Amino acid sequence: MNSLPTIRQNRNEIMMMNKQIFNLTHEEQLLTDKLSSVIKEEISKSGGLIPFKRYMELALYYPGLGYYSNPRQKFGKEGDFITSPMVSSLFGNTLARQILEVINFGVFPQVLEFGAGNGKLAADILNSIGSEITSYCILELSADLIALQKETIQKIAGDYFDKVVWLNELPEKFDGVIIANEVLDAQPCELLYRKGDSIHEIGVSYTAEGKFIYKDYDSSWQADNDDITNHWTNGYQSEWHGANSAFIKTLATKLNHGVILLIDYGYGQTEYYHQEFYKGRLRGFFRHHLLDDVLIYPGLIDITTSVNWTKIATTAIDAGLDLIGYVNQAAFLINAGIAETMGELRKNLSNDEYIKLSNQVNQLVSANQMGELFKVMALSRGIDEADWCGFRSGDLSYTL
Ligand SMILES: C[S@@+](CC[C@H](N)C(=O)[O-])C[C@H]1O[C@@H](n2cnc3c(N)ncnc32)[C@H](O)[C@@H]1O
């Protein structure tokens, strides 16, 4: 096992653990067996095959058993991966600077966070600007994670706990700042491949021995934008992000006045569908190992894919939102003042503590860690100000 916690990098950037066999605990084995039975039952009822997108949905979100719905520890050293808020509080503290700036532009002082994970980002934002906002809403699909979020926020940002509201659904209209860190990458995607002149959707079935396998699902896939799949060569396989587009359209419908800040790993379309990635960007994580085979151990494996940021931007613009900026995480954090925040903290820290903090910042901004692969996109409705602190330099919109 790696000694360093893993961020969910690109599948080509770490050696893939293709055929790795892990020793599962008794509880893990029971959990994955139960979820496998549920998925197999659905496959059988559907005539022996379900679309990959449905498999991913069941594997990640099936109530009580799916990866994000079950109680197994997934975040941090003892789990499968870490995210920026878990690397350092400076991530949330710096994001809070951008949130405060748009509130000063006149956006209603309310935050809505999607998929709040272990609650660390919420706690860090509340500790930075809790007194400036009226409420901090969280929309989380997993009951287990809601319990974890309550525990973290109570422990780290207890003074602001009463400002936190857990929502079951999006309000009809929302005024304020919407944030989502590493949420788009966890939304189920379609798997497609080119065969001759047509694009096929890939499905999931299982063998007589009970192993999940890929199978051709539908040979009449109609993309809403043929510009993408037209460039695929015979055999090219990749993901299609229908759920991401639907998510952005929904946000655009609900956002009355305010801002959406999206943070995730991904690329502009040309880079995303580069010929080099002829097997796509889908990958799994388990105990800090990167997996190529995402069909093993349903419920125990985090399944994720990179974000097609071009698709996010065009969907948002078509839905009437303004694209404010698109930069990598390093540029965003540096522009928004992570160094200043660090400087302010320095006077209260010992040398050892300061070195620890510097290492954390290094992980967030280094090009070979989270600085370059992760991007930040700002979308808005009804905001006239164009000069936003996080997007002042390093614009990457030309890559979209
Ligand atoms: C990789 S985790 C990231 C957690 C956290 N944001 C962080 O950065 O540590 C992905 C999260 O997105 C959530 N998620 C995915 N789609 C969602 C949706 N449509 N609404 C709310 N949460 C969603 C999952 O339940 C999960 O909590």
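Everything numeric in this text was worked out from a predicted model, so none of it was measured. When a ligand or atom number is given, it counts from 1 through the structure's own listing order.
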Do NZ/NE/NH1/NH2 and the carboxylate oxygens of E239 and R281 come within less than 4.0 Å?
->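 Answer for the salt bridge query: no.
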Before accepting this row, confirm whether a basic side-chain N of the pair E353/K356 lies closer than 4.0 Å to the acidic partner's carboxylate O.
->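 Looking at E353 and K356, the cut-off is not met.
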For ligand 1, which is the ligand I care about here, please tell me if [X] has any N or O atom under 3.5 Å from one of the ligand's N or O atoms.
X: L141; result: no
X: N181; result: yes
X: E113; result: no

ring-ring contact (aromatic ring centres under 6.0 Å, His included) between F81 and F75, worked out = CA-CA 5 Å; F81 62 88; F75 305 123; 5.6 Å; yes
List ligand 1 atoms under 4.0 Å from [X], heavy atoms only on the residue side.
X: G117; result: 4 (C), 5 (C)
X: F114; result: 20 (N), 21 (C)
X: M86; result: 9 (O)
X: L145; result: 27 (O)
X: L139; result: 21 (C), 22 (N)

Report the part of [X] (side chain from C-beta onward, or backbone N, CA, C, O) that has a heavy atom under 4.0 Å from ligand 1; answer both or neither where that applies.
X: T83; value: side chain
X: T304; value: neither
X: K120; value: neither

Keeping the roles fixed (side chain from [X], backbone from [Y]), state whether a donor-acceptor pair exists under 3.5 Å.
X: H288; Y: G76; answer: yes
X: K311; Y: V307; answer: no
X: K163; Y: G130; answer: yes

Rounded to the nearest 0.5 Å, how far does CG of L148 lie from CG of N118?
->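 So the CG of N118 and the CG of L148 are separated by 5.5 Å.
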Is the closest heavy atom of L121 to ligand 1 under 4.0 Å?
->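 Checking ligand 1 against L121, which is what was asked, there is no heavy-atom contact under 4.0 Å.
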Have a look at F91 and tell me which of I338, N181, D124 forms a side-chain contact (heavy atoms from CB on, under 4.5 Å) with it.
->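 Running side-chain contact (heavy atoms from CB on, under 4.5 Å) over I338, N181, D124 with F91 returns exactly one hit, N181.
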Chi angles and distances behind the ring-ring contact (aromatic ring centres under 6.0 Å, His included) call for Y55, F212 | CA-CA 10 Å; Y55 175 89; F212 289 109; 5.4 Å; yes
Selected option - heavy-atom contact closest to atom 2 (S) of ligand 1, from F91, Y61, Y68 =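 Among F91, Y61, Y68, the closest heavy atom to atom 2 (S) of ligand 1 comes from Y68.
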Minimum non-hydrogen distance to atom 25 (O) of ligand 1, winning option of E169, Q149, E140, E182 =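 Nearest heavy atom to atom 25 (O) of ligand 1 lies in E140.
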